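Keep in mind that this is a model prediction, so the values were computed, not measured. All ligand and atom numbering here is 1-based and tracks the order in the structure.
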Amino acid sequence: MSLYPLARFVTSAAEPGQLTVDAGREVAFTGRSNAGKSTAINALTGRHQLARVSRTPGRTQLINFFELAPERRLVDLPGYGYARVPDAVRERWSRLLSAYFERRASLRGLMLIVDARRGLAAPDLMMLDWAGGPARGRAAHVLLTKADKLSRSQALKVEREARAQLAGREVGVQLFSAPARLGVEEARAVLERWLAG
Ligand code: GDP
């Protein structure tokens, strides 16, 4: 069932001047490429075409804005960690994200998508720091995706390790699997809490 029956794609931004109006509340999704971001967005919103838009060739390096409800947005940030991205692209991406994280008043929370088999790595922690954290009124939550590919005990170990790595930061961590429907309600509750108010 769709939690957000009126969800729709609004626009993509390739440069800071193209960001949508900064009003209301929004939650951004980020993660290393292939970590399961599109799958998580689909599972959480119940709207399959949202992530499909973000995957359209040419849009993967853009910031994609979706309206879930009036003045409530989901923002799909470009995946990171591609080894073979030309420097010019990396630089443009970095300028765009810096502008977004530095100025965006409506950004309330960051959903960080991490493949549980890889665990939290340096680029993931950098993204958390870059986004700003509680000092800027922003919460963060890590979804350890593809938990169905690990045994229960392996998955719990990954979760424990992630918590240890995040000690001292106010960041939630949970296991997640779209196909196994593991952690979907928990993650939805976080998303809804951030968007409420
Ligand atoms: P993105 O690049 O981060 O948007 O990643 P995708 O959502 O496209 O997922 C990358 C691949 O991982 C796809 O083949 C997905 O079907 C698969 N995948 C994503 N999430 C899960 C999950 O929770 N469990 C399993 N088994 N596969 C997943």
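For residues 130-150, every residue pair satisfying the salt bridge (Lys or Arg N to Asp or Glu O under 4.0 Å) rule, not counting sequence neighbours, is listed here: D115-K146.
Of all protein heavy atoms, the one lying nearest to atom 8 (O) of ligand 1 is R55 NH2, 2.9 Å. Looking only at protein heavy atoms, the nearest one to atom 27 (N) of ligand 1 is K149 CE, 3.9 Å. The nearest protein atom to atom 5 (O) of ligand 1, hydrogens excluded, is given as G36 N, 3.1 Å; this is a heavy-atom distance. The single protein non-hydrogen atom nearest to atom 4 (O) of ligand 1 is S38 OG, 2.6 Å, given as residue, atom name and distance. Nearest non-hydrogen protein atom to atom 3 (O) of ligand 1 is K37 N, 2.7 Å. In terms of protein heavy atoms, atom 15 (C) of ligand 1 is closest to T39 OG1, 3.9 Å. Ranking the protein heavy atoms by distance from atom 2 (O) of ligand 1 puts N34 N, 2.8 Å first. Scanning the protein heavy atoms around atom 21 (C) of ligand 1, the nearest turns out to be K146 CG, 3.5 Å.
Considering Y100, W93, F29 in turn, Y100 is the only one that fulfils the side-chain contact (heavy atoms from CB on, under 4.5 Å) rule with L77.
For F65, the ring-ring contact (aromatic ring centres under 6.0 Å, His included) test picks out no residue, with sequence neighbours left out.
The residues K37 and D76 are annotated as salt-bridged, a charged nitrogen and a carboxylate oxygen being separated by less than 4.0 angstrom. The existence of a salt bridge linking K157 and E161 is confirmed by a sub-4.0 Å separation between a basic side-chain nitrogen and an acidic carboxylate oxygen.
By the 4.0 Å heavy-atom criterion, G79 is excluded from the residues contacting ligand 1. At least one heavy atom of D148 lies less than 4.0 angstrom from ligand 1. Using a 4.0 Å cutoff on heavy atoms, A178 counts as a contact of ligand 1.
Distances from atom 23 (O) of ligand 1 to the protein include at least one heavy-atom value under 4.0 Å.
No side-chain heavy atom of T39 sits under 4.5 Å from any side-chain heavy atom of T145. Within the 4.5 Å cutoff, side-chain heavy atoms of L19 are placed close to those of R104. The closest side-chain heavy-atom distance from S106 to R73 is below 4.5 Å.
Any N or O atom pair closer than 3.5 Å counts here, and F176 shares no such pair with ligand 1.
If you chain together hydrophobic residues whose side chains sit under 4.5 Å apart, I41 and V75 never meet in one group.
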